[in-house]
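Inspection log for the structure reproduced underneath, given as structure tokens.
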Amino acid sequence: MNNFIFQNPTKLVFGKGQISRLPQLIPAGRKIMVTYGGGSVKANGIYDQVCAALQGMDYIEFWGIEPNPTVETLRKAIAIGKERGIDFLLAVGGGSVLDGTKLIASAMVYDGDPWEIVTQGKASGAIPYASVMTLPATGSEMNSGAVISRTETKEKFAFYTSYPQFSILDPEATYTLPDNQIAAALADIFVHVMEQYLTTTGQSRVMDRWAEGLLMTVIEIAPKIKENRHDYDLMCDFMLTATLALNDFIRMGISEDWATHMIGHELTALHGITHGASLAIVLPGTMKVLREQKKGKILQYGERVWGIDRGTEQERVKAAIEKTEGFFRSLGLDTRLGQAGIGDRTIDEIQARFERLGLSLGEGGNVTGKVAADILRSCK
């Protein structure tokens, strides 16, 4: 294992009815902005619970943070927040609302254009913020990262800031999620784990087994959620797996990849594809193109997660990749660029963008623009 320092300061408040704890969790005397996406929190009853919990507190609401939150929308919230002297933010919704809120929190103590924070990759400070999570997927509720888009330039980048002070996760909030959101969320969770796991063998038994357990949980619960999303314990597993997949726990002392995510971000920026859906297209291609580099870990993954223990090494690698793509298809997601109407022009543009930025991604630092294009061509 590599040397590492681990600290995750977010308080996780998990289970039904926990939204009522907001008055105890938010420090007294704060001027609060509650951030929302669309109207789904009104349909599932979360909005009413939040309003009841915040009764008597000094707060305003900001609505309209979109999926793949844009800096253009967030600039409006930042301006209001500064004008009103907001000193605490509460994100209510999915990972996009929380990601956007992370930029708002960071920009509240920044004098320049908020997009500069994103392109710098790290915020220099932030006001306190927290979340009520309604869509498990990004793990944003217990990490310091966020991904923000810029509509005018069709760009999408990640940046890092402080951690949420607390996050409330009530699995009952997931009961009314649409099928496509659940499918994309499951793919997002799965690929989060794979980005930290599918690198090289022999780094840490603990991290490997933890990651494999999360992957197997996603595979096990996916068809059950299709059958009954009102099973409380099942949705508890769904929600907690999303958090554990990206709260720093399974990456201690190991190498990571993240090339699939960076390529997926470009597909979202250029075509508006849902984040999790973009990953379902790209990951099998990453595995194909880097199969020799990742062979040892793909073999381990195939045997431990999918039970693939017969055939030659190449046959087992091929079977593991096919199982992965098949899993995404079982969720109802596209796994090929052609199914999403994406062709060579987009591949060339993504290669050019990688080259302009001088990117060399992956655990080996060898996923350049050309390799990214090879990955995408394998997904056609």
Side-chain angles (χ1 to χ4, degrees), residues 2 4-10 65 68-75 77-78 89 91 95-129 131 138-164 188 191-192 195-196 199 245-248 251-252 254-270 275 278-279 282 349-369 371-372:
N2 300 322
F4 66 89
I5 297 172
F6 174 82
Q7 181 179 9
N8 191 318
T10 302
I65 298 178
N68 305 307
T70 66
V71 70
E72 289 88 351
T73 295
L74 300 174
R75 286 184 183 124
I78 293 160
L89 295 166
S96 291
V97 174
L98 181 48
D99 277 12
T101 301
K102 289 179 179 181
L103 184 59
I104 299 169
S106 303
M108 290 292 290
V109 296
Y110 185 76
D111 291 332
D113 182 0
W115 187 245
E116 294 171 357
I117 299 173
V118 180
T119 56
Q120 290 163 8
K122 187 175 182 179
S124 57
I127 66 170
Y129 69 96
S131 79
T138 65
S140 192
E141 64 272 12
M142 204 175 180
N143 67 46
S144 62
V147 183
I148 307 297
S149 298
R150 186 178 180 185
T151 304
E152 54 203 8
T153 55
K154 293 188 176 181
E155 294 176 289
K156 182 176 180 179
F157 297 118
F159 82 100
Y160 295 87
T161 185
S162 59
Y163 286 75
D188 199 5
V191 181
H192 282 159
E195 295 275 38
Q196 298 162 91
T199 56
L246 202 60
N247 64 353
D248 303 333
R251 67 183 187 93
M252 290 185 273
I254 61 169
S255 60
E256 301 171 63
D257 189 335
W258 300 107
T260 293
H261 264 73
M262 293 298 290
I263 297 169
H265 288 334
E266 296 297 337
L267 293 177
T268 299
L270 291 168
H275 174 58
S278 77
L279 302 180
V282 178
E349 172 60 22
I350 292 174
Q351 178 174 351
R353 287 185 173 202
F354 269 49
E355 290 173 349
R356 282 197 301 271
L357 293 169
L359 296 180
S360 298
L361 305 171
E363 72 274 11
N366 59 333
V367 181
T368 60
V371 175

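Note that the numbering runs from 1 along the sequence shown for the chain. These figures come from a predicted structure and were not determined experimentally.
Under the rule for a salt bridge (Lys or Arg N to Asp or Glu O under 4.0 Å), the partners of E363 that lie at least two apart in sequence or sit in another chain are K294. Legend: residues meeting side-chain hydrogen bond (donor to acceptor under 3.5 Å, both in side chains) with S131, ordered by chain and number and at least two apart, are S167. With sequence neighbours excluded, the residues satisfying side-chain contact (heavy atoms from CB on, under 4.5 Å) with T153 are R150, E155. Residues meeting the salt bridge (Lys or Arg N to Asp or Glu O under 4.0 Å) test with E266, sequence neighbours left out: R353. Residues meeting the side-chain hydrogen bond (donor to acceptor under 3.5 Å, both in side chains) test with S96, sequence neighbours left out: none.
One finds the CG atom of L103 at 9.0 Å from the CH2 atom of W115 (value rounded to the nearest 0.5 Å). Note that the OG atom of S255 and the CZ atom of R251 stand 12.0 Å from one another [nearest 0.5 Å]. Atom OG1 of T199 is separated from atom CH2 of W258 by 11.5 Å, given to the nearest 0.5 angstrom. To the nearest 0.5 angstrom, I148 atom CD1 is 9.0 Å from K156 atom NZ. Here L359 contributes atom CG and I263 contributes atom CD1; the two are 10.0 Å apart, rounded to the nearest 0.5 Å. Taking OG1 of T70 as the reference point, atom CD of E152 lies at 9.5 Å (rounded to 0.5 Å).
Between T161 and S106, the side chains place a donor N or O and an acceptor N or O closer than 3.5 Å (distance only, hydrogens not considered). D248 and Y163 share a side-chain donor-acceptor pair at under 3.5 Å. Judged by distance alone, the side chains of T368 and S360 never bring a donor and an acceptor atom under 3.5 Å apart.
For residues 96-116, every residue pair satisfying the salt bridge (charged side-chain N to carboxylate O under 4.0 Å, His left out) rule, not counting sequence neighbours, is listed here: R75-D113.
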Next item on the list: Decide yes or no on side-chain contact (heavy atoms from CB on, under 4.5 Å) for E256 and E195, but give the supporting numbers first.
Entry: CA-CA 6 Å; E256 301 171 63; E195 295 275 38; over 6 Å; no

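Side-chain contact between L89 and I104: present, with at least one pair of heavy atoms (C-beta onward) separated by less than 4.5 Å. L98 places none of its side-chain heavy atoms less than 4.5 Å from the side chain of T138. Within the 4.5 Å cutoff, the side chain of L361 has no heavy atoms near those of the D257 side chain. Side chains of Q196 and V191 form no contact here, defined as non-hydrogen atoms less than 4.5 Å apart. Side-chain contact between F157 and V71 is absent, with no heavy-atom pair separated by less than 4.5 Å. Annotation: side chain of V147 is not in contact with side chain of F159 (no heavy-atom distance under 4.5 Å). Residues V109 and I127 have side chains in contact (heavy-atom distance under 4.5 Å, counting atoms from C-beta outward).
Counting all heavy atoms, side chain and backbone alike, I78 lies closest to A107 at CD1-CB, 3.4 Å. Listed here is the closest heavy atom pair of L74 and P69: CD1-CB, 4.4 Å. Considering every non-hydrogen atom in both S140 and P164, the closest pair reads O-CG, 3.8 Å. What you find for T101 and I65 is that their closest heavy atoms are OG1-CD1, 4.2 Å.
The neighbour count for Y110 OH, taken as heavy atoms of other residues, nucleotides or ligands under 6.0 Å away, is above 12.
With respect to E349 and R356, a salt bridge is recorded, a charged nitrogen being found less than 4.0 Å from a carboxylate O.
In this structure, N247 contributes its side chain and N8 its backbone to no donor-acceptor pair below 3.5 Å.
Ring geometry, H275 versus H265: the interplanar angle falls under 30°, so the pair is classed parallel (tilted spans 30 to 60°).
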